[in-house]
Number of protein chains: 2
Amino acid sequence: MSSAAEFTDQEAEPGNTIDRAYPGGIPEATVARLPVYLRALYTLGERGVSTVASDELARAAGVNSAKLRKDLSHLGSYGIRGVGYDVEYLVYQVSRALGLTQRWPVVIVGAGNLGRALANYGGFLTRGFRIEAVLDTDASLLGRELGGVLIRHVSELERIVTENSIAIGVIAVPAGAAQAMCDRLVAAGVTSILNFAPLVLSVPEGVDVRKVDLSIELQILAFHAQRRNAERFGQAVDQAAAEA
Amino acid sequence: MSSAAEFTDQEAEPGNTIDRAYPGGIPEATVARLPVYLRALYTLGERGVSTVASDELARAAGVNSAKLRKDLSHLGSYGIRGVGYDVEYLVYQVSRALGLTQRWPVVIVGAGNLGRALANYGGFLTRGFRIEAVLDTDASLLGRELGGVLIRHVSELERIVTENSIAIGVIAVPAGAAQAMCDRLVAAGVTSILNFAPLVLSVPEGVDVRKVDLSIELQILAFHAQRRNAERFGQAVDQAAAEA
DNA sequence: TTATGTGAACTAATTCACAGCT
DNA sequence: AGCTGTGAATTAGTTCACATAA
């Protein structure tokens with residue numbers, strides 16, 4: 001959380017860089033792709049590339065170059081015509097747009113396999129985020145270390161969230177416990193939740209929930225796989241079963 | 001994989017139920033929501049609900065009712081005006097549309113925390129999928145059981161994929177190993193890949209890749225969190241840093 | 001030259017609002 | 001009377017194609 005206090009007067013101040021750079025906000029679809037660009041840029045940077053053209057960056061990110069350029073244009077005009085983009089500078093601008101110039105403290109609720117996988121995700125998670133705590137109810141896990149953080153009891157949830165001004169919580173508990181954990185996170189002040197439990201969480205207005213669902217992704221793959229088969233085999237698959 | 005062989009003649013056969021039910025295919029956005037509806041339907045069914053109106057189902061799925069009805073209309077006309085939808089029947093129709101009337105054998109590559117989390121995902125994963133094998137290179141893991149399946153060595157990958165006609169593979173290995181594993185899966189005949197490694201996989205035409213990326217979701221949350229803060233604090237956040 | 005940035009055209013997705021069926 | 005199914009209207013997202021700038 002920022003230390004800034006009350007600037008409500010200059011909301012529409014012209015010349016405010018954010019107003020110029022983000023006229024009417026960045027489209028959701030663009031926001032969802034910025035992290036992909038950011039990762040591609042990091043990879044290029046590590047390889048010593050200092051300048052990259054939209055074609056190349058687009059290939060690395062798995063999109064077409066027109067889309068990439070349009071996306072980046074929503075952040076501002078940070079490329080050089082005839083040349084391309086400066087990798088380091090673009091990393092900075094994309095990071096800034098995503099809000100990653102600060103480091104967000106995160107609490108992970110659930111220290112099962114998934115919680116552990118998250119806590120150990122290391123490399124990429126640590127850019128822009130810091131795991132402040134991992135919580136569980138299982139007494140046998142308490143005190144164990146996970147990704148450099150001790151596993152603590154969920155009874156400490158409220159205190160930890162408040163003391164560290166945690167805005168982002170990750171739910172990695174079984175479906176049955178997820179809504180209760182969500183309610184506690186929200187009550188304690190968390191406004192962004194990443195939900196791995198397979199259910200739709202109810203949250204009050206103003207709380208942002210994103211879900212990651214393993215079985216949903218598999219089911220989408222199954223749909224396309226079936227469709228591919230149907231095409232190959234003349235679409236007669238399941239024909240009999242379809243009526244009634 | 002189906003046992004059907006060559007039906008290429010009747011591709012455009014009118015009266016084919018799939019042609020009638022899916023005129024011009026189901027929109028991607030709809031496909032991505034069908035699994036959510038399916039889960040909500042299962043939950044309702046377990047509670048003993050036998051009929052559900054679009055409002056109620058939409059609420060359970062976290063979408064609005066117009067969208068739900070439009071989505072379902074792409075599968076066919078399976079509701080009853082003035083009444084609603086029969087839960088059991090709709091479960092069947094959605095399952096069929098998603099290709100879940102068959103059980104897809106799946107191979108998971110990587111038995112680290114994430115692979116283990118997936119293998120133990122149990123309840124929801126098993127509806128429509130069967131984990132045929134979990135593979136790893138780590139000798140200390142081999143022979144251990146995971147979600148009812150033995151962990152085997154990746155050297156068996158090709159044999160296992162071929163013998164079981166596996167069409168869907170899950171990559172849960174570190175980024176450095178992911179592309180190589182992907183190539184081997186594809187060479188062995190896998191055409192659908194769910195990728196948990198934080199990189200963009202290259203695959204030949206005709207192979208379907210979906211990615212699940214923990215850090216991307218967090219970054220999207222950070223964006224919105226930042227934006228919320230900027231609104232509250234008058235959008236002056238990062239103003240100085242923006243120039244140069 | 002060469003590659004960005006962007007209006008304009010196009011395509012997809014969402015929402016509205018109500019006709020039509022039970 | 002009530003709820004589905006869907007054309008029509010709207011909004012969002014993508015792609016094209018080229019003027020513009022280094």
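First the proteins, then the strands, lettered A, B, ... as listed; each starts at 1. Just so it is clear, the values below take in all heavy atoms, side chains as well, and ignore hydrogens, waters and symmetry mates.
- For A:S54, no side-chain nitrogen or oxygen approaches OP1 or OP2 of C:dA3 to under 4.0 Å.
- There is a side-chain donor-acceptor pair under 3.5 Å between A:S215 and B:R39.
- For the 3.5 Å distance criterion, the side chains of B:D71 and B:S73 fail to qualify, holding no donor opposite an acceptor.
- With rounding to whole Å, A:L68 atom CG is found 14 Å from C:dT6 atom P.
- Taking 4.5 Å as the limit, every side-chain heavy atom of B:V94 sits out of range of all side-chain heavy atoms of B:L100.
- In this entry the distance linking CD1 of A:I80 with P of D:dA22 reads 10 Å, nearest Å.
- Computed from coordinates, the A:Y78 OH to D:dA22 P distance equals 16 Å when rounded to whole Å.
- Annotation: side chain of B:H224 is not in contact with side chain of A:T191 (no heavy-atom distance under 4.5 Å).
- Between the P atom of C:dT2 and the OH atom of A:Y85 lies a distance of 18 Å, rounded to the nearest Å.
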Reading nucleotides 6-14 of chain D from 5' to 3' and marking B where a protein heavy atom lies under 4.0 Å of the base, S where only the sugar-phosphate is that close, and - otherwise, the string is BBB----SS
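- Distance check: A:I171 CD1 to A:M181 CE gives 8.5 Å after rounding to the nearest 0.5 Å.
- Results of the ring-ring contact (aromatic ring centres under 6.0 Å, His included) test with A:Y78 over A:Y37, A:Y85, A:Y92, A:Y89 single out A:Y89 as the only residue that passes.
- Taking atom CG of B:L72 as the reference point, atom P of D:dC3 lies 16 Å away to the nearest angstrom.
- Atom CG of B:D55 and atom P of C:dC16 are 13 Å apart (whole Å).
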